[in-house]
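In this chain, numbering begins with 1 at the start of the sequence shown.
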Amino acid sequence: MARTSGWTALRAQGRRVPAALAGQRSSGTRHPLVAVAMVLPTAVLLFVVFGGWEAVLTQASSVAGMLGR
């Protein structure tokens, strides 16, 4: 059976469906600073929630120990 979800009904009514939801890619590219601005708040939140510097130092010392330094 053909895929006849609500998207075809929306298109038939003249409403626009966002390209990302319709399975299409946008033709433009995102500027790197926009990408950083989108990711930075989440990165800061994860940094604070999961221990920040202690976690980084623990992982770095663990990797250094595995490398034999």
Roughly how far, to the nearest 0.5 Å, is the CZ atom of Phe50 from the CG atom of Leu45? 8.5 Å
Looking at Ser61 and Leu57, would you say the former's side chain and the latter's main chain have a donor-acceptor pair under 3.5 Å? yes
Might you point out which heavy atoms bring Glu54 and Thr58 nearest each other, and give the distance in Å? O-OG1, 2.7 Å
